[in-house]
Every structure is written in C-alpha cells, then in structure tokens.
K.L.:
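Mind having a look at this structure? Questions to follow.
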Amino acid sequence: MKVNKPRPVNLDLQTIRFPLTAIASILHRVSGVITFVSVAILLWLLGLSLSSPEGFASAADIVDSFFVKFVLWGVLTALFYHIVVGIRHLLMDMGYFEEMETGIASAKVSFAIVAVLSLFAGGLVW
C-alpha cells in the first residue's frame, strides 16, 4: 500500500496543542501515579507514628517542616483531583459529557471543584 502524504518522522511535542479534555485526562493519570507513590510514603509515616511515643514524636517533627507540609498539600490536591476527574470519567462512561462542548464544560467544572478542594486541603495542612 502506497502512502501519498509523507508522515512525520519526529513529532515536536512542544508545538502540539492539546484540547482541555486531553489535558484533564493526562493529569488524571499523573495524579493517580502521584497518589500511588505517596501511599507508600504515608504508610511508612503512619507506621512510624504508631510504633512508639518516640516514633510519634519523630513523625510529628517530620510533618512539622514547611517542605513536608507543602508535599502533603500537593498529595492531597492530587488525591482530590484524581477523585473528581475519576467521577467525571465514570459519568462519561455512562454516556454523559461525550460531546465536545459538554466535555470541555465538565473539565472546567472539575478544575474549579479541585481548586476549591485544594484550598480546603491547604487549610487542613496548615
């Protein structure tokens, strides 16, 4: 079979403009990976805090630093994003938000909900 158009050998990913729905989907996968990796770290921290009173003090000292609080805020934000956009994907699997306009609108609403939940997470951490 002969191809009439020459196909690109290398795609320049910096010039490709992804639609909002694709960005939401890609970030959903990234937030899932962040949540998966952070569970191991958080379980280690929980185990340390439950090991002894000294372990609890060590865990409290670890969590007390600004950097760790910032990371915890990021983990909570990733978890909230994964949950909200996961619900959006479940609704899309049931046949809702499949058109381009409603898909973009649902992505925008999801981003807004996650922004509010991220502020809530910041209040919880600090």
K.L.:
Got a donor-acceptor contact below 3.5 angstrom from the Trp73 side chain to the Ser118 backbone?
P.N.:
yes

K.L.:
Would you kindly confirm whether Phe111 and Met100 end up in one hydrophobic cluster when ILVMFWY residues are joined by side chain heavy atoms under 4.5 Å apart?
P.N.:
yes

K.L.:
Hey, any chance Val84 and Leu90 share a hydrophobic cluster, counting ILVMFWY side chains that come within less than 4.5 Å of each other, even indirectly?
P.N.:
no

K.L.:
Strictly distance-based, threshold 3.5 Å: is any side-chain N or O of Ser25 a donor or acceptor partner for the main-chain N or O of Ala22?
P.N.:
no

K.L.:
Could you state whether Val114 and Met92 fall into the same hydrophobic cluster, counting links through intermediate Ile, Leu, Val, Met, Phe, Trp or Tyr residues with side-chain heavy atoms under 4.5 angstrom apart?
P.N.:
no

K.L.:
Do Leu119 and Trp126 sit in the same hydrophobic cluster, where Ile, Leu, Val, Met, Phe, Trp and Tyr count as joined when their side-chain heavy atoms come under 4.5 Å apart?
P.N.:
no

K.L.:
To the closest 0.5 Å, what do you measure between OG (Ser106) and CD1 (Ile87)?
P.N.:
12.5 Å

K.L.:
Distance from Leu45 atom CG to Ser38 atom OG, nearest 0.5 Å?
P.N.:
11.5 Å

K.L.:
Apply side chain to side chain contact (heavy atoms under 4.5 Å, CB included) to Val63 and Val125, showing your working.
P.N.:
CA-CA 9 Å; Val63 174; Val125 171; over 6 Å; no

K.L.:
Work out which heavy atom in His28 is nearest to a heavy atom in His89; give both atom names and the distance.
P.N.:
ND1-CD2, 3.9 Å

K.L.:
Do the side chains of Leu27 and Val85 get nearer than 4.5 Å, heavy atoms only?
P.N.:
no

K.L.:
Measure the CZ-CG distance between Phe56 and Asp61 for me, rounded to the nearest 0.5 Å.
P.N.:
10.0 Å

K.L.:
Tell me whether the rings of Phe66 and Phe70 are parallel (<30°), tilted (30 to 60°) or perpendicular (>60°).
P.N.:
parallel

K.L.:
Where do Leu48 and Ser58 come nearest, in terms of heavy atoms and distance?
P.N.:
CD2-CB, 4.2 Å

K.L.:
So which heavy atom on Trp44 is nearest to which on Ile62, and how close?
P.N.:
CH2-CD1, 3.9 Å

K.L.:
What's the shortest heavy-atom distance between Arg88 and Ala107, and which atoms?
P.N.:
NE-N, 3.5 Å

K.L.:
Report the distance from atom CD1 of Ile41 to atom CG of Leu46, rounding to the nearest 0.5 Å.
P.N.:
14.0 Å

K.L.:
Kindly indicate, with the supporting measurements, whether the criterion side chain to side chain contact (heavy atoms under 4.5 Å, CB included) is fulfilled by Val39 and Leu43.
P.N.:
CA-CA 6 Å; Val39 164; Leu43 284 175; 3.9 Å; yes

K.L.:
Yes or no on side chain to side chain contact (heavy atoms under 4.5 Å, CB included) for Ile26 and Arg29, after CA distance, side-chain angles and deciding distance?
P.N.:
CA-CA 5 Å; Ile26 292 167; Arg29 293 170 191 232; 5.7 Å; no

K.L.:
Please name the pair of heavy atoms, one in Ala78 and one in Ile34, separated by the smallest distance, quoted to 0.1 Å.
P.N.:
CB-CG2, 3.8 Å

K.L.:
Has Lys69 got more than 12 heavy atoms of other residues, nucleotides or ligands less than 6.0 Å from its NZ?
P.N.:
yes

K.L.:
Would a hydrophobic clustering, with Ile, Leu, Val, Met, Phe, Trp and Tyr connected at side-chain separations under 4.5 Å, put Phe97 with Val109?
P.N.:
no

K.L.:
Please report the closest heavy-atom contact between Tyr81 and Ile23, naming both atoms and the distance.
P.N.:
OH-O, 4.3 Å

K.L.:
Just how far is it from atom CG of Leu42 to atom CG of Leu76, taken to the nearest 0.5 Å?
P.N.:
8.0 Å

